[in-house]
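Reading through the structure tokens given below for one structure.
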Amino acid sequence: MRKTTTQLDQTDQTGLNPAQLEAVKAPMGPVLVLAGAGSGKTRCLTIRIVYLIHKLKIRPEEILAVTFTNKAAGEMKTRVAKLLGQRSGLRPMMGTFHSIGVKILRQEREKVGLTSNFVIFDDNDQESLLKEILSKLKIDPTKLKPALFQRIIDRAKNNLEEPEDIDDNDNYDRKFKDTARLVYQEYQDQLLKHNAVDFGDLIMMPVKIFQNHPETLSKYQEQWKYILVDEYQDTNHAQYVFTKLLASKYKNLFVVGDDAQAIYGFRGANLQNILDFEKDYPKAQIIRLEQNYRSTSPILAVAQKVIELNPRQHQKKLWTENREGNIPTLFRADDEMAEAWFVAKQIIDHQDGPSNELQYVPDEDTDILSRIMRHSRMKILPKLRNRKGLNNVAVLYRTHAQSRALEEIMIESSIPYQIVGGLKFYERKEIKDVLAYLRLLVNTNDLISLKRVINLPPRGVGPKTFELLKDALLEKKEKKLAEVFEARPQIRSFFEILDSIGNIEEEATILDIIKSVLKFTGYESFLRDGTEEGESRFENIQELFNVAASFSKLPWKEGIGRFLEEVALMTNIDELDENSDKVTLMTLHQAKGLEFDIVFLVGLEEGLLPHSRSMIEANDVAEEIRLAYVGVTRAKKQLYLVYAMSRKQFGTRNLSVPSRILKAIPEELYEVYESEF
DNA sequence: CTTCCTGCCGTTTTT
DNA sequence: CGGCAGGAAG
């Protein structure tokens, strides 16, 4: 016991201030911690978990902690384990709403008509399914696009509403409302037939189960008596109801968030959830954390001006004791290449010291076209020599498309970099093909996967044959199926191959199975067609083995199930490797919760940040401002603000206007970087 | 059914 | 500029 106390005291002494300590030790009941950027809110939440276990002697398995990403959950798990020491036994449940939703669904699947080994459909699967439904219902997909229905379905599930109230599209008319309902219904039916769920279902279905089965809700209320939620400002309505139901019995709900950092409105996040916390829980304790431990005061001064563009939400003013610090730098680039060039030059200067090699000799003529053309002569970049410590540097942008120019220059100047997101590993064709084979293996109802792989390698199955096959399978008509097999013997052997793989003894590992699939289906030889590209695609699959290997201790069927689940719920940010010495390139959304010594915030232009699509509604612009605020507050020591006077998009060059966000920052808060290039 | 080519359309942000 | 859907030819 003595040791326990000492450990917690040590925890307390590692720099928690009185306000943070108040949060960690808040009495049981509803608690809202309103915490500014860089105030250590996630840390408070983590330490509170340890406090509950150590000081209050709460059993770890009675604690549920919800994080925003799997990566955050992983970090929290590591930290909690470390703080708890070598204690054996159970751990608190930590994960995202989605990963927790899956766990509940696995337990309660029969209540919503799912059977074991159901699969999770991602956006692409969703789109394929919707396309089929639209053609079946004779809806013109050029007029009412599958993407529109995806939005409707998402919104309905996020808000736990009927799918009818979408009005943000010029296609809207009276008939459309009925169509939306019809498509939604058919879509849900089809999902069930495929033994599949989508992302929205992972939250919505557990909520429905809780609502329809009080005894089940009660079971989970008893299981998790202590609930903690991080990034509460980004919860949507379904997640809010999910939390509220679970917490309604014991009301030991501890939520942490910052309304100034709410950036997921487009995904259904409802800022009102955090603003109304006091209304929902009248006895709630509100704790404010306003001291910032991350950034220096010149950076915070900029952040403050940015967020002041928005009307006041919760009153909060950040402050820091880090008075010293470099003043942020503003750079006006001619175009996106010059912007990237500036980033690279700053990194090289920082790592290797300022270099004269870099001097650019300007032309005499100063007209805009000549300046625009200059980047063609900027390619004289030295190579980076000192590659240590690059993981402290991040380049943040609004859209993935902006990464291209940056990437080019990074390669040219030998700056190691990692791009988070964009073309995801798991979105590559060959990877998705292999995953589809695996999905089919554990869930023969997954016709979307069947469609994907039945003709890989070509087995003479086109759309027509596939329709016949699908009908035969759906209606379970042996005779029809026999006919199809008769016409296309290759289909029969395809199923025979899958069958024989499916009958491999239980002790086989997931790796054996993947190898068998690659070999016996002929996919491997199909992929390795002798071209260099084929070989590199095959290498990607090799990489998949590394991930799958961590499931090789399980019986293969279970291993594949877990593997597929992990892959489906994996996010870009989970792939981020902080220990590799590389500059990180990512979107502002992905940067949430992270921090870097040096941050470049690029593309500060009207139309990009705030994004043109956001300017239709004032509310959406407010979210863009918060996004900029998130970006600025990622910087610990040095902040660069960059914009380009012209930018190429869709192959044509456009002149751009500096962002209103820049205009909101008084000139004395930054220094302008002057250069001839 | 497969392959190859043309032309069109598009880019917010993601669990 | 680039990805991909859809059409024509083999």
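Computed from a predicted structure; not experimentally measured. All chains are named by letter (A, B, ...) in the order of the sequence lines, taking the proteins before the strands, and each is independently numbered beginning at 1.
Annotation: A:Phe277 is in aromatic contact with A:Tyr232 [ring centroid separation under 6.0 Å]. Aromatic ring centres of A:His589 and A:Phe266: separated by under 6.0 Å.
Residue pairs meeting the salt bridge (charged side-chain N to carboxylate O under 4.0 Å, His left out) criterion with at least one member in residues 396-411 of chain A, sequence neighbours excluded, are A:Arg398-A:Glu624.
Per the geometry, CG belonging to A:Leu202 stands 19 Å off P belonging to B:dT14, to the nearest Å. When the P atom of B:dT12 is taken as reference, atom CZ of A:Arg267 falls 17 Å away, rounded to whole Å. Between A:Lys71 atom NZ and B:dT15 atom P the separation is 13 Å, expressed in whole Å. One can place NZ of A:Lys157 at 21 Å from P of B:dT14, the figure rounded to the nearest angstrom.
Scanning for side-chain hydrogen bond (donor to acceptor under 3.5 Å, both in side chains) contacts around A:Lys470 gives A:Glu132, with sequence neighbours left out. Annotation: ring-ring contact (aromatic ring centres under 6.0 Å, His included) contacts of A:Tyr240 (sequence neighbours excluded): A:His237.
Here the straight-line distance linking atom OH of A:Tyr643 with atom CG of A:Leu608 works out to 14.0 Å at 0.5 Å rounding.
Salt-bridge annotation for A:Glu75 and A:Lys71: present, with a side-chain N of the basic residue lying under 4.0 Å from a carboxylate O of the acidic one.
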Between side-chain atoms of residues 117-124 of chain A and protein atoms elsewhere (two or more places apart, or another chain), which donor-acceptor pairs fall under 3.5 Å?
{"unit_1": "A:Asp122", "atom_1": "OD1", "unit_2": "A:Asn124", "atom_2": "N", "d": "3.0"}
{"unit_1": "A:Asp122", "atom_1": "OD1", "unit_2": "A:Asp125", "atom_2": "N", "d": "2.9"}

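Evaluation of A:Tyr264 against the base of B:dT13 yields no stacking contact (centre distance < 5.5 Å, interplanar angle < 30° required).
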Exercise for the section: Under 3.5 Å for both distances, Watson-Crick or G-U wobble, that's the pair rule; now give the dot-bracket for DNA chain C, with | marking pairs to another strand and [ ] for crossing ones. Expected result: ||||||||||
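Two residues, A:Thr96 and A:Pro458, neighbour DNA chain B, and the one matched to the more 5' nucleotide by heavy-atom proximity is A:Pro458.
Side-chain proximity of A:Phe199 to the nucleotides B:dT14, B:dT12, B:dT15 is greatest for B:dT15.
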Exercise for the section: Would you give a per-nucleotide map of nucleotides 2-10 of chain C, 5' to 3', where B means the base has a protein non-hydrogen atom under 4.0 Å away, S means only the sugar-phosphate does, and - means neither? Expected result: S--------
